[in-house]
2 protein chains.
Amino acid sequence: MVEVAVLVRAKPTARSVLPLVELVREVLRASLQRMDPVLAKEGITKGQFWALHTVSSLEAASLSTVARNLGLTTPTVCANIDGLEAAGLVRRARSERDRRSVELSLTPRGRKVEARVWDHIARLMTEAAGDVSDADLAASQRVFEKITARLTAPAGTRRRAA
Amino acid sequence: MVEVAVLVRAKPTARSVLPLVELVREVLRASLQRMDPVLAKEGITKGQFWALHTVSSLEAASLSTVARNLGLTTPTVCANIDGLEAAGLVRRARSERDRRSVELSLTPRGRKVEARVWDHIARLMTEAAGDVSDADLAASQRVFEKITARLTAPAGTRRRAA
DNA sequence: TATTGTTATACTCTATAACTATA
DNA sequence: TATAGTTATAGAGTATAACAATA
């Protein structure tokens, strides 16, 4: 009565994916909840933080590049930037090359806020993943990279069912 | 100039966790976006679906057990159940044992809607994870189980820094 | 005409506070 | 007193539609 299963590159089934769906939802909910007091202390909202973080990580950030990077519409990002600008964390400047476009940049205070919050996220998640092996973590990253690629591929790129 | 790194159960560092944070955010955003038309067709919202799904998976579902399971407050869940009841997908019944409590159950239509949507999620995610090995998927599940456990542990349970 | 940004508006998600009924 | 549920209210997140300025 000994069973040895050697599965190499077995294809995922619904049974294997669905538990992960619920776990991911839960992790996201719990971590956002943990971040709330941190963001409140900095006086910004979640949406504003992601906008701030994206402006920070892009070379040249315009409103539409930020929106594209976050997968949001421009009105949504525009509102977030409004708040960040009012709080003195982001600057808007009309582009010289294309006067329709707005170049976004962080103020010194914006840089500090972004660094503090991102650092807090890093510490929170690193602690939460304390027991996890680097190998499992790398595997997770591979999984989410592939899923992201599949989910965000433009409609025309997707293979139609044979 | 040959470097061989053999890391067994190396502890995760911020460097290894942060990319995953952004990927998870992106996967969640993209999959919710994909689900929107499906939910719209069924005439329910995301929040209502999670409430429906939770009522469906719990043995005995009261408003507060559903709220606890979803990590939400009772007013939030109450509002979602209002909508589901109005749509004829969920029934409310005062408990006989404890007349403060409300027993929630799915109507036949509710069961069908829940099954259809959950099935759609399963297909969407299984397709999206098509290239992923079962081993990597299992690793991801381990990672998210551990992170969930750490993030949702009650405050008193957490070890304080030495 | 097409694109960038903006304003106006509406709906959903979520929480806190205050209340009712029951334990 | 404490708990289950509800109502009222408000803030945040998001989208669509309509518009101005520029390309």
Side-chain angles (χ1 to χ4, degrees), chain A residues 25 28-37 39-40 42-55 60-87 90-104, chain B residues 25 28-37 39-40 42-52 54-55 58 60-87 90-104:
Chain A
R25 185 196 161 280
L28 210 89
R29 187 199 60 75
S31 34
L32 290 179
Q33 192 178 284
R34 290 289 190 92
M35 287 307 298
D36 268 344
L39 294 168
E42 299 286 355
I44 60 176
T45 67
K46 283 193 287 285
Q48 286 172 347
F49 171 71
W50 285 114
L52 189 66
H53 177 65
T54 306
V55 171
S62 73
L63 210 85
S64 28
T65 50
V66 172
R68 225 173 303 123
N69 264 268
L70 288 172
L72 300 174
T73 60
T74 47
T76 297
V77 174
C78 189
N80 282 331
I81 297 292
D82 283 349
L84 291 170
E85 194 183 23
V90 162
R91 264 187 307 258
R92 271 191 248 234
R94 280 283 162 195
S95 164
E96 287 303 318
R97 276 199 312 105
D98 181 342
R99 301 196 43 76
R100 293 171 302 181
S101 178
V102 168
E103 288 163 359
L104 300 170
Chain B
R25 186 198 159 279
L28 210 90
R29 188 200 59 75
S31 34
L32 289 178
Q33 193 178 281
R34 290 291 190 90
M35 287 309 297
D36 267 345
L39 293 169
E42 301 285 355
I44 61 176
T45 66
K46 283 194 288 288
Q48 286 172 347
F49 170 71
W50 285 114
L52 189 67
T54 305
V55 171
L58 288 175
S62 72
L63 211 87
S64 29
T65 51
V66 172
R68 223 172 305 124
N69 263 270
L70 289 171
L72 301 174
T73 60
T74 47
T76 297
V77 174
C78 190
N80 282 333
I81 298 293
D82 284 349
L84 292 170
E85 193 183 23
V90 161
R91 262 189 307 261
R92 270 193 247 233
R94 280 284 162 193
S95 163
E96 288 303 318
R97 277 197 313 103
D98 182 343
R99 299 195 47 74
R100 292 170 302 181
S101 176
V102 168
E103 287 164 359
L104 301 169

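These numbers come from a predicted model, not from an experiment. In what follows, chains carry the letters A, B, and so on, assigned in the order in which the sequence lines appear, proteins first and then strands, with residues in each chain numbered from 1.
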Closest nucleotide among C:dA15, C:dC13, C:dG5 to the B:N80 side chain: C:dC13
Winner on side-chain proximity to B:T76, out of D:dA15, C:dT6, C:dA15, is C:dA15
List the steps, then state whether side chain to side chain contact (heavy atoms under 4.5 Å, CB included) holds for B:C78 with B:L63. CA-CA 7 Å; B:C78 190; B:L63 211 87; 3.8 Å; yes
Side chain of A:L72 (C-beta onward), nearest among C:dT6, D:dT6, D:dT14: D:dT14
Is there a side-chain polar atom (N or O) of A:S64 under 4.0 Å from OP1 or OP2 of C:dG5? yes
Answer yes or no: does a side-chain N or O of A:T73 lie under 4.0 Å from OP1 or OP2 of D:dA15? yes
Among the candidates D:dA12, C:dA8, D:dT6, find the nucleotide nearest to the side-chain atoms of A:T45. D:dA12
Relative to the ring of A:W50, is the ring of A:H53 parallel (under 30°), tilted (30 to 60°) or perpendicular (over 60°)? perpendicular
Consider the side chain of B:P75, meaning its heavy atoms from C-beta on, and name the nucleotide among D:dG13, D:dT7, D:dT16 that approaches it most closely. D:dT7
Look for any protein N or O under 3.5 Å of an N or O in nucleotides 19-23 of chain C and output each such pair with its distance, or none.
residue : atom : partner : partner atom : Å
C:dA23  : OP1  : B:R99   : N            : 2.9

B:S62 side chain: which of D:dG5, C:dT6, C:dT14 is closest? D:dG5
Per atom distances to the B:V102 side chain, the nearest of D:dT6, C:dA8, C:dT14 is D:dT6
